[in-house]
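Structure, as structure tokens:
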Amino acid sequence: MRRRSLLLAAVPAGLVTLAGCGDGKSGSSKAGVSPSPSVSTVPPPKIVDGPLPAITAGTKFGEKPTVAKGPGEPSKNLTVKTVIAGSGRTVAENDFVQANYLGQIWDTGKVFDNSYDRKRPLVMQLAQGSIIDGWRYGLAGRKTGSRVLMAVPPTWGYGTSGNPQAGIKGTDTLVFVVDLIDSFNSKSSAKGRQVAQSDAALPKVATNTDGNVPKVTVPKTAPPKKLVSTYVLEGDGPEVKADQTVLCQFQGLVWDSGKTFQRTYGSGRLSQFGLQQMQQAVKGLAQGLVGKKVGSRVLIVVPPELGYGDTPPSGGVIKKGSTLVFTVDILAAM
């Protein structure tokens with residue numbers, strides 16, 4: 001079983017799933033949208049730039065770092081320093097970031113978690129309740145392509161309870177090296193090359209890359225009987241694997257009516273879901289994403305037996321035996 005990152009505090013805020021699709025066109029229907037986390041009582045930290053331990057090996061961006069033990073007593077404030085300055089997009093609170101990281105304990109230098117060995121960067125939202133507060137405050141304002149070194153006191157880490165599973169006590173200050181690979185927000189979209197849409201029997205999908213809803217024109221013909229998954233924009237990222245979680249923009253329509261039953265484009269949120277879990281909700285959507293490249297916009301046509309079949313969500317525009325049409329912008333996978 002793939003190990004879950006210790007950094008994640010809860011289900012990401014702004015998450016949209018398809019477990020119970022409503023018929024709202026903005027993706028803001030109550031069904032399928034995760035609950036917001038409770039309001040934090042922890043005050044924002046004062047951010048200082050030292051003291052911090054030295055990175056003694058693996059000093060280049062993307063390399064697994066080796067970090068010395070903390071020098072003396074750590075600050076009671078949040079300590080953050082950009083050790084490699086990137087030139088990419090500035091990260092804002094509530095953005096999703098894709099990052100490699102290593103975390104260790106200040107006093108002992110014991111590494112408790114890292115993504116470099118897993119060879120799968122973490123994708124998470126810098127939002128209250130979805131990540132430890134040290135990351136939420138420490139990474140906001142940094143640019144992608146940067147390596148950031150942080151020392152996080154318990155107040156903005158795991159609190160007085162610590163994390164016994166990871167060997168973290170409630171008094172431990174934590175040291176993190178974070179390589180910020182990319183960031184995404186609700187205006188992000190696929191940026192791949194356009195692929196010819198020459199099959200008149202399939203829907204035509206717009207190729208705009210401004211984060212707005214791509215128009216979908218469904219032909220007035222019978223839908224295909226088998227699953228269709230084809231590129232609209234082909235990215236150059238790695239192929240999505242069946243055991244991964246994807247971060248995406250998407251919309252879902254009913255073939256017969258052309259009506260939208262859910263979407264993230266223009267809604268102020270993104271969608272993040274595991275393909276193994278999606279197999280239990282809309283099997284054809286999960287199958288249609290496997291093997292497709294990150295950075296792509298994909299058209300997926302799902303026949304009833306791989307969608308909701310004879311048990312559609314109640315009260316919506318999806319009926320028994322509906323063929324579903326999805327466009328998915330694959331922003332990242334982990």
Residues Ser115, Asn100; criterion side-chain hydrogen bond (donor to acceptor under 3.5 Å, both in side chains); working and verdict: CA-CA 6 Å; Ser115 67; Asn100 274 313; 2.7 Å; yes
Expected output: side-chain Ser146 to main-chain Gly86 donor-acceptor under 3.5 Å: yes
Heavy-atom pair of closest approach, residues Ser75 and Pro153: O-CG, 3.8 Å
Gap separating the CG atom of Leu331 from the CD atom of Gln249, nearest 0.5 angstrom: 6.0 Å
Going by atom types only, do Asp329 and Tyr265 share a side-chain donor-acceptor pair under 3.5 Å? yes
What heavy-atom pair brings Arg147 and Ile55 nearest, and what distance separates the two atoms? CD-CD1, 4.2 Å
Expected output: side-chain Thr56 to main-chain Thr66 donor-acceptor under 3.5 Å: yes
Determine whether Gln197 and Lys204 satisfy the following criterion, side chain to side chain contact (heavy atoms under 4.5 Å, CB included), listing intermediate values before the conclusion. CA-CA 7 Å; Gln197 302 180 62; Lys204 297 296 184 290; 3.8 Å; yes
Show your working on side chain to side chain contact (heavy atoms under 4.5 Å, CB included) between Val97 and Met124 and close with a plain yes or no. CA-CA 6 Å; Val97 296; Met124 73 288 180; 3.3 Å; yes
Can you tell me how far apart CG (Leu122) and CG (Asn114) are? Round to the nearest 0.5 Å. 11.5 Å
State yes or no: do Val111 and Tyr116 share one hydrophobic cluster built from I, L, V, M, F, W and Y residues joined by side-chain heavy-atom distances below 4.5 Å, directly or via other members? yes
Between Phe326 and Phe261, does the ring centre distance come in under 6.0 Å? yes
Transitively linked via ILVMFWY side-chain contacts under 4.5 Å: Val317 with Tyr308? yes
For Thr108 and Lys110, indicate whether the former's side chain and the latter's backbone hold a donor-acceptor pair under 3.5 Å. yes
Is there a continuous path of hydrophobic side-chain contacts, each under 4.5 Å between heavy atoms, that joins Ile181 to Phe176? no
Val216 and its side chain to side chain contact (heavy atoms under 4.5 Å, CB included) partner, picked from Val232, Thr260, Val325: Val325
CZ/Phe273 to CD/Gln279 distance, rounded to the nearest 0.5 angstrom? 11.0 Å
Could you go through Asp243 and Arg120, starting from their C-alpha distance and side-chain angles, then the distance that decides it, and tell me whether this counts as salt bridge (Lys or Arg N to Asp or Glu O under 4.0 Å)? CA-CA 12 Å; Asp243 64 344; Arg120 284 190 178 181; 3.0 Å; yes
What are the two closest non-hydrogen atoms of Pro224 and Leu202, and how far apart are they? CG-CD2, 4.3 Å
Report the C-alpha separation of Val175 and Leu149 in whole Å, then their side-chain angles, then the decisive distance to 0.1 Å, and conclude whether the side chain to side chain contact (heavy atoms under 4.5 Å, CB included) test is met. CA-CA 7 Å; Val175 176; Leu149 178 61; 4.0 Å; yes
Inter-residue atom distance Thr209.OG1 - Gln194.CD, 0.5 Å rounding: 9.0 Å
Compare every heavy atom of Gly258 with every heavy atom of Leu253, then report the nearest pair and how far apart it is. CD2-O, 3.4 Å
Under a 4.0 Å threshold between the charged nitrogen and the carboxylate oxygen, would Lys319 count as salt-bridged to Asp256? no
Would you say the side-chain atoms of Thr144 pair up with the backbone N or O of Asp182, donor to acceptor, closer than 3.5 Å? no
Quick check: is Leu102 connected to Ile132 through a chain of hydrophobic side chains (ILVMFWY, heavy atoms under 4.5 Å apart)? no
Please tell me whether Val302 and Ile318 are part of a single hydrophobic cluster in this structure, the criterion being side-chain heavy atoms less than 4.5 Å apart. yes
Taking the side chain as everything from C-beta on, heavy atoms only, tell me whether Tyr231 gets closer than 4.5 Å to Arg193. no
Would you call Pro203 and Val301 a side-chain contact if the rule is heavy atoms closer than 4.5 Å? yes
Do Val195 and Leu233 have side-chain heavy atoms sitting under 4.5 Å apart? no
Within the 4.5 Å heavy-atom criterion, are Arg136 and Glu93 side-chain neighbours or not? yes
So, Glu234 versus Ser296: side-chain donor-acceptor pair below 3.5 Å or not? no
Going by atom types alone, do Thr82 and Arg142 pair a side-chain donor with an acceptor below 3.5 Å? yes
Centres of the Trp156 and Tyr137 rings: under 6.0 Å? no
Are the side chain of Asp172 and the backbone of Leu174 linked by a donor-acceptor contact shorter than 3.5 Å? no
Is it true that atom CG of Asp236 has more than 12 heavy atoms of other residues, nucleotides or ligands lying nearer than 6.0 Å? no
Under 3.5 Å, is there a donor-acceptor pair between the side chain of Gln244 and the main chain of Lys241? yes
Would you say the side chains of Arg89 and Ser183 form a donor-acceptor pair under 3.5 Å? yes
Working for side-chain hydrogen bond (donor to acceptor under 3.5 Å, both in side chains), residues Gln251 and Thr327: CA-CA 6 Å; Gln251 63 180 322; Thr327 69; 3.2 Å; yes
Quick check: does any side chain N or O of Trp106 sit under 3.5 Å from a backbone N or O of Leu52, one acting as donor and the other as acceptor? no
Shortest non-hydrogen contact between Asn208 and Pro214, atoms and distance: OD1-CA, 3.4 Å
Does this structure show an ion pair linking Lys64 with Asp117, if we count only N-O contacts that are shorter than 4.0 Å? yes
Once you round to the nearest 0.5 Å, how far does CG of Asp310 lie from NZ of Lys320? 6.0 Å
Do Lys143 and Thr90 meet the criterion of a side-chain donor-acceptor pair at a distance under 3.5 Å? yes
Leu227 and its side chain to side chain contact (heavy atoms under 4.5 Å, CB included) partner, picked from Lys283, Gln287, Glu305: Gln287
Rounded distance [0.5 Å steps], CE in Met334 versus CZ in Arg118: 7.5 Å
Taking side chain to side chain contact (heavy atoms under 4.5 Å, CB included) as the criterion, tell me which of Thr160, Thr173, Ile168 meets it with Pro154. Thr173
Less than 4.5 Å apart, any side-chain heavy atom of Phe184 and any of Cys248? no
With distance as the sole test, does Arg297 use its side chain to make a donor-acceptor pair with the main-chain N or O of Ser189 at under 3.5 Å? no
Are side-chain heavy atoms of Val67 and Val177 found at a separation under 4.5 Å? yes
Going by an N to O cut-off under 4.0 Å, is there a salt bridge joining Asp179 and Lys60? no
Using a 3.5 Å distance criterion without hydrogens, assess whether the side chain of Ser186 forms a donor-acceptor pair with backbone atoms of Leu270. no
Determine, stepwise, if the pair Ile47 / Asn77 fulfils side chain to side chain contact (heavy atoms under 4.5 Å, CB included). CA-CA 6 Å; Ile47 297 178; Asn77 299 308; over 6 Å; no
Has Trp135 got a side-chain atom pairing as donor or acceptor with Val178's backbone, closer than 3.5 angstrom? no
Are there over 12 heavy-atom neighbours, none belonging to Asp49, within less than 6.0 Å of that residue's CG? no
